Amino acid sequence: MIDSRDVNELHPALKRGAAELMSRMKRKGYDVIVTSSYRDNESQNALYEQGRTKPGSIVTNARGGESVHNYRLAFDIAKNIKGQEYSDANFFITAGNIWREMGGEWGGDWVSFPDKPHMQYTGGLSIANLKAGSKLANDARMPWESVKEENKLKIVYRGKTYIVHAFLISDYYHVRLREFAEIFGAKAEYIEKDGSVILTD
Ligand SMILES: [Zn+2]
């Protein structure tokens, strides 16, 4: 029986996604722990019995093979403060918003059985697809990291042309702030501890 909370058990795209979610949450002052990652079918069946034939409350409607956890494409989170793991509604709403922005699916958005700690990404595959053997490609990337191409972008400022690196992500060009600041003769410095950038002339 495998019922893991190790992110290394996740599909690589989910593992990177979990790390990104945790770092974005950290910047908002939230410390995240992963409470569940991969669960094999046997563990899923045991969890299904909770609140049915075994004590506890019902936590899932999924039997073995019917949960995205069984395919390494989901993980659950909690707030990393003892005694406050599930009591802060804002924590889960913030995490859900970030995960949705990153292109993932948040269990808190489900109408019939909302599951706020639950984050998943299947690349559009349904449980039926997964059960039938379809797999998310090993080199698949979530939308937030799907950099389509790196380009050189020409920026003209006061008649002078500058070339900067540009990355096309989710249909928008992103440029490096440091390079962009240099056009204006400014310097950009990232301050790790509070996640801010200081611009100086
Ligand atoms: Zn879950």
Side-chain angles (χ1 to χ4, degrees), residues 1-26 28 30-132 134-136 138 140-145:
M1 264 214 331
I2 304 167
D3 188 1
S4 177
R5 52 172 56 196
D6 184 354
V7 290
N8 292 307
E9 293 283 353
L10 292 169
H11 180 287
L14 272 291
K15 185 185 164 182
R16 293 190 300 271
E20 179 69 13
L21 174 65
M22 288 169 99
S23 114
R24 291 189 192 193
M25 283 292 277
K26 192 141 216 157
K28 291 185 183 287
Y30 288 119
D31 213 4
V32 172
I33 46 161
V34 171
T35 58
S36 178
S37 58
Y38 169 62
R39 215 178 284 143
D40 67 5
N41 289 356
E42 207 185 332
S43 290
Q44 187 67 41
N45 282 324
L47 198 63
Y48 181 82
E49 294 310 324
Q50 186 182 314
R52 293 187 171 91
T53 62
K54 285 192 277 180
S57 47
I58 290 179
V59 289
T60 183
N61 282 333
R63 290 186 170 89
E66 292 173 349
S67 165
V68 177
H69 287 280
N70 308 147
Y71 303 93
R72 305 175 190 271
L73 303 178
F75 58 94
D76 300 331
I77 61 163
K79 193 173 177 178
N80 195 15
I81 296 179
K82 237 188 156 59
Q84 294 177 31
E85 285 86 349
Y86 300 101
S87 58
D88 181 353
N90 279 331
F91 170 87
F92 291 103
I93 290 166
T94 305
N97 285 339
I98 292 172
W99 188 247
R100 215 189 291 111
E101 261 170 41
M102 287 169 60
E105 198 182 328
W106 177 42
D109 285 330
W110 296 338
V111 178
S112 62
F113 195 91
D115 186 1
K116 288 181 182 168
H118 180 95
M119 309 287 159
Q120 69 175 46
Y121 176 73
T122 66
L125 296 170
S126 66
I127 282 290
N129 296 150
L130 293 165
K131 259 183 126 170
S134 294
K135 285 193 171 76
L136 183 64
N138 215 48
R141 288 164 174 271
M142 285 183 65
W144 71 273
E145 60 177 353

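Whatever order the structure lists them in is the order used to number ligands and atoms, beginning at 1. Keep in mind that this is a model prediction, so the values were computed, not measured.
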Discussion item. Using a 3.5 Å distance criterion without hydrogens, assess whether the side chain of N41 forms a donor-acceptor pair with backbone atoms of G64.
Written reply: no
Discussion item. Between N97 and T94, does the side chain to side chain donor-acceptor pair (under 3.5 Å) criterion hold? Intermediate values first, please.
Written reply: CA-CA 5 Å; N97 285 339; T94 305; 5.9 Å; no
Worksheet, complete the sentence: Applying side-chain contact (heavy atoms from CB on, under 4.5 Å) to R5 and not counting sequence neighbours gives T35
Discussion item. Check for me: within less than 2.8 Å of the Zn ion (ligand 1), which protein N/O/S atoms show up?
Written reply: H69 NE2, D76 OD1, H118 ND1
Discussion item. Check whether S43 reaches the backbone of M1 with its side chain - one donor and one acceptor, N or O, closer than 3.5 Å.
Written reply: no
Discussion item. Going by side-chain hydrogen bond (donor to acceptor under 3.5 Å, both in side chains), name the residues that satisfy it together with Q120, two or more places apart in sequence or in a different chain.
Written reply: E105, H118
Worksheet item: Excluding sequence neighbours, so at least two apart, what forms salt bridge (Lys or Arg N to Asp or Glu O under 4.0 Å) with K26?
Response: D31
